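Quick caveat: nothing in here was measured; it's all calculated off a predicted structure. Residue numbers run from 1 in the order of the sequence given.
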Amino acid sequence: MQFEVWAPLTGRVALRLDDVTYDMAPDRERDGWWTVQAPAGDGSRYGFLLDGDTLPRPDPRGRRLPDGPDGLSAVVDLDALAPQSAPAGPQPLPLQDAVLYELHIGTFTPEGTFDAAAARLGHLVSLGVTHVELMPVCSFSGRHGWGYDGVAPWSVHEPYGGPAGLARFTAAAHAAGLGVVLDVVHNHLGPSGNHLPAFGPYFTDTHHTPWGAAVNLDAPGSDEVRAYLTGSALAWLRDYGIDGLRLDAVHALADGRALTFLEELSAAVDALAAETGRPLFLIAESDRCDPRTTTPRATGGLGLNAQWNDDFHHALHCALTGESQAYYADFAEAPLAALAKTLTRVFFHDGTWSSFRGRTHGRPVDHRRTPAHRFVGYSQTHDQIGNRALGDRLSASLSPGLLACAATVALTGPFVPMLFMGEEWGARTPWQYFTDHPDPGLAEAVRDGRRREFAAHGWKAEEIPDPQDPATRDRSCLDWSEPEQPVHARLLDWYRTLVALRRTHPDLRDPDLAAVRVAHDEERRWLTFRRGDVRVAVNLSAEPVTIALGRNGVRVLASWEPLGHPGPDGRIHLPGESAAVLGP
């Protein structure tokens, strides 16, 4: 088979394959590339020797790292993976009709593997979600971690099950009628096990990020770096049958070129979708509040299909909890008004003052032309839980009734809804920040940094979980006995009811943002919104409220607490901390 590697800064490259060394030759047609033919098969171990290295380095495009990022790569027979990962049965639903479910392979089950997660897919089918959104699965140092410090964007983390395990998981999801979305990180690589700088200018000092030197998207050599990242993205979609990608923190991509990397990636994914006949999509995480992220390329945008809407989350979180620290400050002054704005105008910050940033922020969404499915809405995510000092979920402080209200707004609101694993039953397990860095110095730096960060907000060092302690990861694993307990089972049934209502009532999937009508009472803490003929009402107060819905005839489709149908005057009497969905 042919081995090749881009190493433009080296004068000599050799392949070490199963303890045999082969000199590589420069590729005459591709500047900076080296190639060689050598006999190899599935599982063959190999690496590259640069300028007389004594120890081989793993392949930057290697698909498997059996011994971790500092070990040799292993050849993967992609033809053998294809039958496993090929979509079976009907195509997953398009993004505009989706209900996403974010999960972390390492803590979704105590075993922390693809196969163990696949065994739980029946739960997601009965819940009614349409797509599983996996947090990053590319290789990183150690066994346990969030996955955002990956160092090999083409590979699959071996402790999860490696490439074959991912292919089996995707096949099982497709067989169950579920699509698969994968979180990928292009804005930085982890600090441990990163061998890319030895091969070429994958990073640049032209820009700096919170993680150090920026990934090289616009400096000399950036054409190949872009191709490297685009190629890895397409590989997940093509070789593993993944249906969409979530792009981590695209606002941190330092890219000054006229044609941005995100536009190139969007065009490449669209081309692959046309080639394969599969509806592939890209979802961005961005804190810019810039509608151009999801505006089609033909009309001057970046062309991504959707983006996470943190403003919606922040407004809902403040309305539920009353928290006002850090970035919640802007939303906490009048949280129901903030929530009403995000339900109709998407971004709270659309050119408004942001006290957290100390400047104006954002740009308005053209809500009359932009479909609601360009945005993803949620009450909880891995970030919004795990980046808290104790990794506490909403269920740690809110009543079941308020959890039901949170679910109601997210699942009947205008955006593509997303759940975070375990929220559907009000999981009591935290989801904390955990790492497994083999380097003692790095481990200590991460531990101290975490404690210093929260000390600034009044936490004592001993109260902050040690990311390196295996117990921190273990505490973060879901407890699968909880859904069978009455208090959890009741909330789970409510989530199933809401997901089913979204599926059976087209008005709840209507992409017309301009048609959403919202009313609220900040003092009495209730909010209602109308989507076509469906009305949604939530009461966040502990006291019952009477809400006038109008004189149009509606009946209760579902309610958290027992609730009579509205009378002729169109009024409902909503118990405290409860929600209801009404329709014709």
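Environment of CZ in Arg369: sparse, with no more than 12 heavy atoms of neighbouring residues, nucleotides or ligands closer than 6.0 Å. With a 6.0 Å radius and a threshold of 12 heavy atoms from other residues, nucleotides or ligands, Glu453 has its CD atom above the threshold. Heavy-atom neighbours of Arg368 CZ from other residues, nucleotides or ligands within 6.0 Å: at or below the threshold of 12. Dense packing is recorded around CZ of Arg490, with more than 12 heavy atoms of other residues, nucleotides or ligands lying under 6.0 Å away. The number of heavy atoms from other shown groups lying within 6.0 Å of CD (Gln325) is above 12.
When atom types are taken as modelled, the side chain of Arg555 and the backbone of Leu557 share no donor-acceptor pair closer than 3.5 angstrom. For Thr344 (side chain) and Ala340 (main-chain N/O), a donor-acceptor pair under 3.5 Å exists by modelled atom type. Judged by distance alone, the side chain of Arg278 and the main-chain N or O of Gly241 form a donor-acceptor pair under 3.5 Å. With hydrogens and angles ignored, the 3.5 Å screen pairs a side-chain donor or acceptor of Asp243 with a backbone N or O of Val180. Counting only distance, with no hydrogens or angles, the side chain of Arg525 and the backbone of Ala319 share a donor-acceptor pair below 3.5 Å. Between the side chain of Glu522 and the backbone N or O of Leu336, at least one donor-acceptor pair lies under 3.5 Å. Proximity of a side-chain donor or acceptor of Ser266 to a complementary backbone N or O of Leu262 within less than 3.5 Å is not detected. Side-chain N or O atoms of Asp479 include none that pairs as donor or acceptor with a backbone N or O of Ala427 at under 3.5 Å. Remark: the backbone N or O of Ala404 is paired with a side-chain donor or acceptor of Trp494 at under 3.5 angstrom. One N or O on the side chain of Asn305 and one on the backbone of Leu282 form a donor-acceptor pair closer than 3.5 Å.
Across Arg288, Lys341, Arg345, a single residue satisfies salt bridge (charged side-chain N to carboxylate O under 4.0 Å, His left out) together with Asp350, and that is Lys341. A side chain to side chain donor-acceptor pair (under 3.5 Å) with His382 holds for exactly one of Tyr433, Tyr148, Trp431; it is Tyr148.
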Practice problem: Verify side-chain contact (heavy atoms from CB on, under 4.5 Å) between Asp115 and Arg168, making sure each step is shown before the conclusion. | Solution: CA-CA 7 Å; Asp115 289 340; Arg168 288 193 300 270; 3.0 Å; yes
Practice problem: Evaluate the side-chain contact (heavy atoms from CB on, under 4.5 Å) criterion for residues His367 and Val516: first the C-alpha distance (whole Å), next the side-chain angles of each, then the deciding distance (0.1 Å), finally the verdict. | Solution: CA-CA 10 Å; His367 70 288; Val516 180; over 6 Å; no
Practice problem: Give the C-alpha distance, both sets of side-chain angles, the deciding distance and a yes or no for side chain to side chain donor-acceptor pair (under 3.5 Å) between Glu423 and Tyr378. | Solution: CA-CA 11 Å; Glu423 80 163 78; Tyr378 37 83; over 6 Å; no
Practice problem: Evaluate the side chain to side chain donor-acceptor pair (under 3.5 Å) criterion for residues Glu577 and Ser399: first the C-alpha distance (whole Å), next the side-chain angles of each, then the deciding distance (0.1 Å), finally the verdict. | Solution: CA-CA 8 Å; Glu577 298 183 350; Ser399 68; 2.7 Å; yes
Practice problem: Just do the side-chain contact (heavy atoms from CB on, under 4.5 Å) check on Asp383 and Glu285 with the steps written out, would you? | Solution: CA-CA 11 Å; Asp383 270 330; Glu285 179 199 22; 3.2 Å; yes
Self-check item: Residues Val545, Asp521; criterion side-chain contact (heavy atoms from CB on, under 4.5 Å); working and verdict
Solution: CA-CA 10 Å; Val545 296; Asp521 187 318; over 6 Å; no
Exercise. List the steps, then state whether side chain to side chain donor-acceptor pair (under 3.5 Å) holds for Thr109 with Glu111.
Key: CA-CA 5 Å; Thr109 66; Glu111 298 87 349; 3.3 Å; yes
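From Glu323, atom CD reaches atom SG of Cys318 across 7.5 Å, with rounding to the nearest 0.5 Å. Taking OH of Tyr328 as the start and OG1 of Thr321 as the end, the distance is 7.0 Å to the nearest 0.5 Å. Rounded to the nearest 0.5 angstrom, His174 NE2 and Phe169 CZ are separated by 9.5 Å. We find the CG-CZ distance between Leu411 and Arg496 to be 13.5 Å, quoted to the nearest 0.5 Å. Distance check: Ser395 OG to Leu403 CG gives 6.0 Å after rounding to the nearest 0.5 Å. Separation of atoms CG (Leu127) and CG (Leu498) is listed at 10.0 Å; rounding is to 0.5 Å.
For the pair Gln307/Cys289, no side-chain contact is recorded, criterion being any heavy-atom separation below 4.5 Å from C-beta on. Looking only at side-chain heavy atoms (C-beta outward), Asp330 and Thr352 stay at 4.5 Å or farther from each other. The closest side-chain heavy-atom distance from Arg475 to Gln432 is below 4.5 Å. Considering only heavy atoms from C-beta on, His144 stays 4.5 Å or farther from Thr107 through its side chain. Within the 4.5 Å cutoff, side-chain heavy atoms of Arg246 are placed close to those of Trp308. A heavy-atom distance below 4.5 Å is found between the side chains of Leu527 and Val518. Contact check for Pro465 versus Leu390: side-chain heavy atoms found under the 4.5 Å cut-off. No side-chain heavy atom of Thr130 sits less than 4.5 Å from a side-chain heavy atom of Pro92.
Summarising the geometry of Asp311 relative to Phe348, their closest heavy-atom pair is OD2-N, 2.9 Å, with the distance given to 0.1 Å. Taking each heavy atom of Phe454 and Ile464 in turn, the nearest pair found is CB-CD1, 3.7 Å. Listed here is the closest heavy atom pair of Gly422 and Leu478: CA-CD2, 3.8 Å. A pairwise comparison of heavy atoms in Val556 and Gly564 identifies CG2-O, 3.7 Å as the closest pair. Phe420 and Gln380 get closest at one heavy-atom pair: CB-O, 3.7 Å. The two residues Val137 and Leu182 have their closest heavy-atom pair at CG2-CD1, 3.7 Å.
Pairs of residues two or more places apart, or lying in two chains, that qualify as side-chain hydrogen bond (donor to acceptor under 3.5 Å, both in side chains) and include a residue from residues 497-519 are Asp97-Arg509.
Checked against the 6.0 Å centroid criterion, the rings of His349 and Phe356 do not qualify as a close aromatic pair. Between His314 and Tyr327, the ring center distance clears the sub-6.0 Å criterion. Separation of the Phe108 and His123 ring centroids does not fall under the 6.0 Å cut-off.
With hydrogens and angles left out, the side-chain atoms of His361 and Arg359 include a donor and acceptor closer than 3.5 Å.
Under a 4.0 Å N-O distance rule, the pair Arg292/Glu263 does not qualify as a salt bridge.
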